[in-house]
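Below: one structure in structure tokens.
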Amino acid sequence: MPKSNQRQNKNKSQPDTRELRPIEIDETIVSGKTTKVNGGENLTITVPIEDFLQQIGAFQGIEGEDEAEQIHWEVFEQKLEEIFATTNLEVNPTNLKKYLKYLKQNLTIPCLVTGMEEFEWEEHYTMGPGSKKEYQKLKKTQPSYTDQFNLLKLDNKLDVEYGILAVLERTTDNRKFTLPLADLETVVEDSINAELLEDYSMWFFTYCD
């Protein structure tokens, strides 16, 4: 542009800065469609940018959790394949025998355990119409998921329906019971025993018929 024209542009009257309105920055991201309302005015729905970014972060978090869970499951199945020496992971007498051997080699016994959730006999009282008074009476002679037990040993007799059976001794009265190992969890969390019982229960309930 010729310098003469530049000078002419510079000499053009500039607006009085006292009359200029400050610029307001609206930190929003427009979402949805622009529609007309009565009177012909446009209406735009906006979402605050903080909310929008939180939604994105939450979505990415869900994707990340799904991916981590998939990786965890693949590692878990690889561990099972090593225990069974086969890709057949179903609950059957052969795999139960192999898992029993694996647990006897790696589980530290005795260890303190409790019920993962209500035992089968308790569901009539905790979830059904059974009376609370009768329930409390039966708990004196029957094992309850609220009790703590010393895991004394794993029974060599295997049951396809209930899996590996655990011989227990209740800490409060030394009564002995035999219960499905899959129904138990360790009292002490974040331990090797806790991981072993959790893995076994996950396998048993996932791959049983």
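Because only heavy atoms are used, hydrogens play no part in the values below, and waters and symmetry mates are left out as well, while side chains stay in.
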- Query: How many angstroms lie between CE in M116 and CD in E185, if you round to the nearest 0.5 Å?
  - Reply: 5.5 Å
- Non-hydrogen atoms of A194 and T186 that approach each other most closely: CB-OG1, 3.0 Å
- Message: Applying side chain to side chain donor-acceptor pair (under 3.5 Å) as the test, list every pair that has at least one member in residues 74-88; sequence neighbours left out.
- Response: Q70-E74, W73-E77, E77-Y207, K79-E195, K79-D199
- Query: Are L196 and L89 co-members of a hydrophobic cluster defined by side-chain heavy atoms under 4.5 Å apart?
  - Reply: yes
- Connected via hydrophobic side-chain network under 4.5 Å: V187 and Y200: no
- So F84 and W203, would you call those rings parallel, tilted or perpendicular, with 30° and 60° as cut-offs? tilted
- Query: CG of L165 to CG of L158: how many Å apart, nearest 0.5 Å?
  - Reply: 7.5 Å
- Item | N156 and K97 side chains, donor-acceptor separation under 3.5 Å | no
- Quickly, which of Q105, K98, K104 forms a side chain to side chain contact (heavy atoms under 4.5 Å, CB included) with K101? Name it, please. Q105
- How long is the gap from NZ on K157 to CG on L100, to the nearest 0.5 Å? 13.5 Å
- Task: For E189, look at atom CD and say whether over 12 heavy atoms of other residues, nucleotides or ligands are found less than 6.0 Å away.
- Result: no
- Report yes or no: do L112 and L103 belong to one cluster of Ile/Leu/Val/Met/Phe/Trp/Tyr joined by side chain heavy-atom distances under 4.5 Å? no
- Message: Can you confirm whether more than 12 heavy atoms, excluding those of D190, are under 6.0 Å from its CG atom?
- Response: no
- Message: Would a single hydrophobic cluster contain both M202 and I83, if residues Ile, Leu, Val, Met, Phe, Trp and Tyr are joined by side-chain heavy-atom contacts under 4.5 Å?
- Response: yes
- A182 and S201: which non-hydrogen atoms are nearest, and at how many Å? O-OG, 3.0 Å
- Please identify each residue that fulfils ring pair (Phe, Tyr, Trp, His ring centres under 6.0 Å) with Y145, with sequence neighbours left out. none
- For V113 against L168, the heavy-atom pair lying closest together: CG2-CD2, 4.0 Å
- Cluster link Y102 to I164, ILVMFWY, side chain under 4.5 Å: yes
- Task: Side-chain contact test, heavy atoms from C-beta onward, threshold under 4.5 Å: evaluate it for C111 versus N150 and give yes or no.
- Result: no
- Residues E169, R175; criterion side chain to side chain contact (heavy atoms under 4.5 Å, CB included); working and verdict: CA-CA 5 Å; E169 182 181 73; R175 283 180 177 269; over 6 Å; no
- Query: Rounded to the nearest 0.5 Å, how far does OH of Y162 lie from OG1 of T178?
  - Reply: 13.0 Å
- dist T206:OG1 -> E90:CD (nearest 0.5 Å) comes out at 13.5 Å
- Message: Please determine whether side chain to side chain contact (heavy atoms under 4.5 Å, CB included) holds for the pair F119 and T146, giving the CA-CA distance in whole Å, both sets of side-chain angles, and the decisive distance to 0.1 Å.
- Response: CA-CA 10 Å; F119 294 142; T146 60; over 6 Å; no
- Angle class for the Y125/Y135 ring planes (parallel below 30°, perpendicular above 60°, tilted otherwise)? parallel
- Message: Test: salt bridge (charged side-chain N to carboxylate O under 4.0 Å, His left out). Region: residues 133-155. Which pairs qualify, not counting sequence neighbours?
- Response: D147-R170
- Inter-residue atom distance F204.CZ - L197.CG, 0.5 Å rounding: 14.0 Å
- Task: Let me see the working for L181 and L154 under side chain to side chain contact (heavy atoms under 4.5 Å, CB included), right down to the final yes or no.
- Result: CA-CA 8 Å; L181 184 65; L154 302 178; 4.1 Å; yes
- Task: Answer whether the closest heavy-atom distance between the side chains of W121 and L138 falls below 4.5 Å.
- Result: yes
- When you check the side-chain N and O atoms of E122 and S144, is any donor under 3.5 Å from an acceptor? yes
- Are more than 12 heavy atoms from other residues, nucleotides or ligands located less than 6.0 Å from atom CG of L152? yes
- Query: Can you list the steps and then say if L107 with N193 is a side chain to side chain contact (heavy atoms under 4.5 Å, CB included)?
  - Reply: CA-CA 6 Å; L107 192 65; N193 278 352; 3.1 Å; yes
- Query: For the residue pair D159 and L96, what are the closest heavy atoms and their distance?
  - Reply: O-CD1, 3.9 Å
